[in-house]
Amino acid sequence: MASLTITPGRPLQGTISVPGDKSITHRAIILTALANGVSRVARYCRGEDCLNTMRAFQALGIRIDESDEELCVHGKGLWGLTEPNGPIDCGNSGTGIRLLTGLLAGQDFFTVLTGDESIRRRPMGRIVKPLREMGANIAGRKGGELAPLGVTGSRLRAITYTSPVSSAQIKSALLLAALFAEGTTRIAEPRLSRDHTERLFKFFSIGFRREGTTLIIDGRPAVGWNAVPQLVVPGDFSSAAFFIVGATIVSGSDVTIQQVGINPARTGLLDVLTRMGADIQLFNRHEEAGEPVADIRVKSARLCGVTIGADLIPQTIDEFPILCVAAAVAEGETVISGAEELRVKESDRIATVSAELCAMGAQITEKPDGMVVRGLGTAEKNGRLQAAHGRSHGDHRVAMSLAIAGLTASTPTVIDETACIETSFPAVHHALVELLTEHR
Ligand code: S3P
């Protein structure tokens, strides 16, 4: 089992880039596979999650040529997928398995979708229930609550559905199913979750409209959509987040992260950190694949605690592990509530982050829907955590958050079970070493 040793004592300085956005890469593979013709997906995320989605489409009869720089996807049109000859393994990816289930529910063949131990624990009922309302035939453990899922493709009909949770995975699974359904599907959610599917639909000119918070989409379009010569995936904000917090809390740091996606449905961390006192500037703003992109420069700054309620959760959802590291060294209390979704991520992030950071001296009280973090900082400077021997609990974002936490300690921190980092950011250690050594 891989482990990572973090040796603190230096500021983070220099310029780096991060892998392509994981959420957008999944969707780019899906929509280019369903397009007519050959598309190139550049700067895609080469993490295991997205590679599993790529392999899934290869198993579904799509030719995808892969190099380090780009994927060349030979799309076969809306109805071009064919039955795989074995189960599809989505690995650790909730996005992969949920979006594929929606897409495959309306095909005319049978598929089994499964994943690793963590995926087989995560809730699937949230997509299976509305998909069954559309007429999908899905079997699974515990009545379809848990993977593996067996999807017998069937003729779907449109529904009107209000999701009880703000989840881009639910919304996107239903949008993909709706493409194959008869009639007009309407999908609403309590608060806007990340809208990458909607933005890519626009990028490919796939018809849908929005009325207030409801998405409306007509199924079975007469003509599909065309391939694009090149789709450049923006850098992953959720990967940049580790360096944004790292540069903020390690004094003397000054880091620029190039070409990062700054979709407002993802960048709640910037709003929260700015309220906490962080020094963050965005420049070189432009657009890629219908998404706003910028370079992000972060200098170290003294932080104070804040209150984060339900209205900020969807746009910050993947950043809570690293946000807790910032809160742990800030001055004063940070209160996070309305974040119960954190309990059903790659790990129960309220429990795993609290346990691991408390072992490093943080003061965190778990709540059913969040946590209270009493920061170790003072009015003069941010506090410091203590080195510890931690573990990731199989969760890539917990592993990388502990690595950044370790930079504030005075002796090396060891983190076990770090193979999971491969799911999103295989080269994170390399990037960190680069920033720690660039100025020597
Ligand atoms: C994702 C949506 C979010 C996020 C996950 C990626 C996506 O999950 O936490 O990492 O790509 O759609 P939920 O839809 O469960 O909120």
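As the structure is a computational prediction, the values presented were derived from the model and not from experiment. First listed ligand is number 1; within each ligand, the first listed atom is number 1.
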Name all pairs fulfilling the side-chain hydrogen bond (donor to acceptor under 3.5 Å, both in side chains) condition that reach into residues 23-41, sequence neighbours left out, sorted by first residue then second.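 For residues 23-41, and leaving out neighbouring residues, the side-chain hydrogen bond (donor to acceptor under 3.5 Å, both in side chains) pairs sorted by first residue read Ser23-Arg194, His26-Thr53, His26-Ser93, Arg27-Ser172, Arg27-Thr197, Arg40-Glu70.
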Separation of Asp395 CG from Met400 CE (nearest 0.5 Å):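 Met400 CE to Asp395 CG: 8.5 Å, rounded to 0.5 Å.
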key: Partners passing ring-ring contact (aromatic ring centres under 6.0 Å, His included) against Tyr44 (at least two apart in sequence or in another chain)   =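 Testing Tyr44 for ring-ring contact (aromatic ring centres under 6.0 Å, His included), a comparison that skips the adjacent residues, returns none.
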Side-chain donor-acceptor pair under 3.5 Å between Ser347 and Thr352, yes or no?
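Present: a donor and an acceptor within the cut-off.
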Next item on the list: Would you tell me whether Ser17 and Gln258 have side-chain atoms, one donor and one acceptor, within less than 3.5 Å of each other?
Entry: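 Per modelled atom types, Ser17 and Gln258 side chains form no pair under 3.5 Å.
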- Item | Proximal protein residues to ligand 1, non-hydrogen atoms under 4.0 angstrom |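 Close residues (ligand 1, cut-off 4.0 Å): Ser23, Arg27, Thr95, Ser167, Ala168, Gln169, Arg194, Ile317, Asp318, Lys345.
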* Could you list the residues that satisfy salt bridge (charged side-chain N to carboxylate O under 4.0 Å, His left out) with Glu341, not counting sequence neighbours? =>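 Expected list: Arg126.
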